[in-house]
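Report on the following structure.
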Amino acid sequence: MNQAAIHKILAGKPGSKPTPRKLTQLFEKRRGANFTLIQELFFSLYPETRHTASFKSLQKLLADGFKNRPAELKHQDLQRQGDGNWYQSGAWAGMQLYVDRFCGDLKKLKERIPYFEALGINFLHLMPITKRPSGPNDGGYAVNSYTEIDPRYGTDQDFISLTAAFREKGICLMLDFVVNHTSDEFPWALEAKAGNLKYQEYYYTFPDRNIPDLFEQSLPEVFPETAPGNFTFCPQMERWVMTVFNNYQWDLNYTNPAVFLSMLENLLELSNKGVDVIRFDALAFLWKKMGTTSQNLPEAHRLVALFRLCLQVVAPGVIILAEAIVAPDEIVAYFGKGILEGNECEIAYNATFMACLWNSVATKKTRLLRQSLGNLPPKPDPSTWINYVRCHDDIGLGFDDSHISALGWDPQTHRRFLLDYFCQRLDWSPAKGAVFMYNPFTGDGRITGSTASLLGLERALEEEDALKISSAEAKILMLYGIILAAPGIPLIYAGDEIGMLNDYSYMEEADKMMDSRWINRPIHDWDTVSGLSSEKNHASRIYFGLQHLIALRKQQPGLADVCSVHYHDSGNNHLLVFERDGETDNGILILANFDESPQVVRTALLGALGYMREGQFHNLIDGKTKKVRSGLLELPPAELLWLRKY
Ligand code: GLC
């Protein structure tokens, strides 16, 4: 049983509108229930002998955080506690967007709520909206503030009013907490540059290259093309600063408890503004240790759990997403292991799923996908996934080498093939992607591009080839139809719902041209949106197809996260076949054909699983019952079926 489950029991049935006194009592119960773990985690990172005063400050932060939490949010917290693991419901459908590129600012975003409602979206990840440097800022991931809204998006009041509107409409809001680093213009960094020793200790700074050189021996590079190395010389300080990402993103020094406390204060303040899910950005990097890669270290996990347990005392309705795009075992570890099981993050990105989907697109085969998903380490019950086709970042090819070798492929050659397939190095490939962070020495690289362009829509439109256009549309709907049926929260990147293509304008902007991830962050095309109902084109077919799938997903109790998933070997390596909630009458069998030719599956398998009776099957997507006369069911290229159980 994790801490959240204990809190539920302690809360009992608080009644419809608990009094402030009752709310405070419940806060005290949560504080009591988490106290020992918090204390143990804190002193394991910051030894008791030196840091008792800091621990007292931590307790005060919790009390102040609760005092400052608006009553409305306190009530919502209790309601959520009563609703079980609310984030595991099958009713969520998410979208991710940059506010400026989507519609301009926060006020206009509020006016766009009907757009989300029409599509069925009720979970939004807004990319960073707090203050950032005016020059390069990594799409807002270099922060000048954790809580103040950047004027380009509006005012703090606009934000508060937006969160209130979202609450009223039942839209869940996810925002980033860039927990690993600040910009080099953040107030602490400015103090450090001015020679303030206290704030120099908020970062990893060194007078010469001795320690940095030792660190470099084992630290990988995140952005080798644009930000090689992990340290940057700061002339004002005359010191080297650790900058694992870009040279203007300074890594926070969490060995200093003052950093943890200041960041906790920021986290509580952000949560108290009405954010429901906090995306812990780059959390794998939180703890550094010489001689290691400084990723996924045990201390990083303890730190995340410490943040989690503190936040839970103040705001039990707010949950944390792990942004850890690492190996499958390492990702699952962010749900918490051992005594921390279920006490770290509630949600994590299913990056393995995403990468394997693209592998299947290129190879037209599904064994790697099936094996990787089937071998995913089990996650704790109270956790869930974000399933996505692509996000604002690149697509990394982080498969397990042993899985690739097991298929008889050489891992390095296979990765090169995938880069070639998606990044316009093969004449026959329909994909139009770009390479991100290519390393000529290793041949490694990552892929960028919008879903539609990677799946061939851009090329098909250029060639004005109706068949190819419809093949690309089918592939887009197939990939989204798969993640909509998978266990977890599906997340659509804004623009994919209308088949938006690559955006090449970043090549003309000085602070973006070196970062090809901007190719897949298009400016939303509202002209196309306005024609959706009247025009019959690729955009409207994709939009209405997706709208239908989202609505269908919400009607199927068997698709909620808590329902089982089973990946079947259909005997045909071109098909992905998986079943949700197969043990009950709500069972759904999902079939997808990744090949360019029709493929067949034995009807005996469908019958044995309970999805075919007397040669008939019912596809929920088109609502039709069909009869198969032979012993084989044929799926056209890129066909997606959701079969209902008989
Ligand atoms: C995360 C973000 C990415 C950003 C990086 C550094 O991975 O998704 O966009 O560049 O963190 O903050």
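Just so you know, ligand 1 is whichever comes first in the structure, and atom 1 is the first atom listed for that ligand.
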Practice problem: Taking Glu497 for its side chain and Gly495 for its backbone only, find out whether a donor-acceptor pair lies under 3.5 Å. | Solution: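 Yes, Glu497 side chain to Gly495 backbone: donor-acceptor pair under 3.5 Å.
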Self-check item: Expected output: side-chain Ser294 to main-chain Met290 donor-acceptor under 3.5 Å
Solution: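 No, Ser294 side chain to Met290 backbone: no donor-acceptor pair under 3.5 Å.
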Taking the six-membered ring of [Y], is NZ or CZ of [X] closer than 6.0 Å to its centre and within 45° of its axis?
| X | Y | answer |
| --- | --- | --- |
| Arg112 | Trp526 | yes |
| Arg425 | Tyr438 | yes |
| Arg446 | Phe436 | no |

Write none if no such pair exists; otherwise list each N/O atom of ligand 1 with its protein N/O partner under 3.5 Å and the distance.
{"unit_1": "ligand 1", "atom_1": "7 (O)", "unit_2": "Glu323", "atom_2": "OE1", "d": "3.2"}
{"unit_1": "ligand 1", "atom_1": "7 (O)", "unit_2": "Glu323", "atom_2": "OE2", "d": "3.0"}
{"unit_1": "ligand 1", "atom_1": "8 (O)", "unit_2": "Arg279", "atom_2": "NH2", "d": "3.0"}
{"unit_1": "ligand 1", "atom_1": "8 (O)", "unit_2": "His392", "atom_2": "NE2", "d": "2.9"}
{"unit_1": "ligand 1", "atom_1": "8 (O)", "unit_2": "Asp393", "atom_2": "OD2", "d": "2.4"}
{"unit_1": "ligand 1", "atom_1": "9 (O)", "unit_2": "His392", "atom_2": "NE2", "d": "3.0"}
{"unit_1": "ligand 1", "atom_1": "9 (O)", "unit_2": "Asp393", "atom_2": "OD1", "d": "2.7"}
{"unit_1": "ligand 1", "atom_1": "9 (O)", "unit_2": "Asp393", "atom_2": "OD2", "d": "3.4"}
{"unit_1": "ligand 1", "atom_1": "9 (O)", "unit_2": "Arg517", "atom_2": "NH1", "d": "3.4"}
{"unit_1": "ligand 1", "atom_1": "10 (O)", "unit_2": "Asp138", "atom_2": "OD1", "d": "3.2"}
{"unit_1": "ligand 1", "atom_1": "10 (O)", "unit_2": "Asp138", "atom_2": "OD2", "d": "2.7"}
{"unit_1": "ligand 1", "atom_1": "10 (O)", "unit_2": "Arg517", "atom_2": "NH1", "d": "3.1"}
{"unit_1": "ligand 1", "atom_1": "11 (O)", "unit_2": "Asp281", "atom_2": "OD1", "d": "2.8"}
{"unit_1": "ligand 1", "atom_1": "11 (O)", "unit_2": "Asp281", "atom_2": "OD2", "d": "3.1"}
{"unit_1": "ligand 1", "atom_1": "12 (O)", "unit_2": "His181", "atom_2": "NE2", "d": "2.9"}
{"unit_1": "ligand 1", "atom_1": "12 (O)", "unit_2": "Asp281", "atom_2": "OD2", "d": "2.9"}

Quiz prompt | Any donor-acceptor N or O pair under 3.5 Å, side chains Tyr421, Arg416 | solution =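 Looking only at side-chain atoms, Arg416 and Tyr421 do not form any donor-acceptor pair under 3.5 Å.
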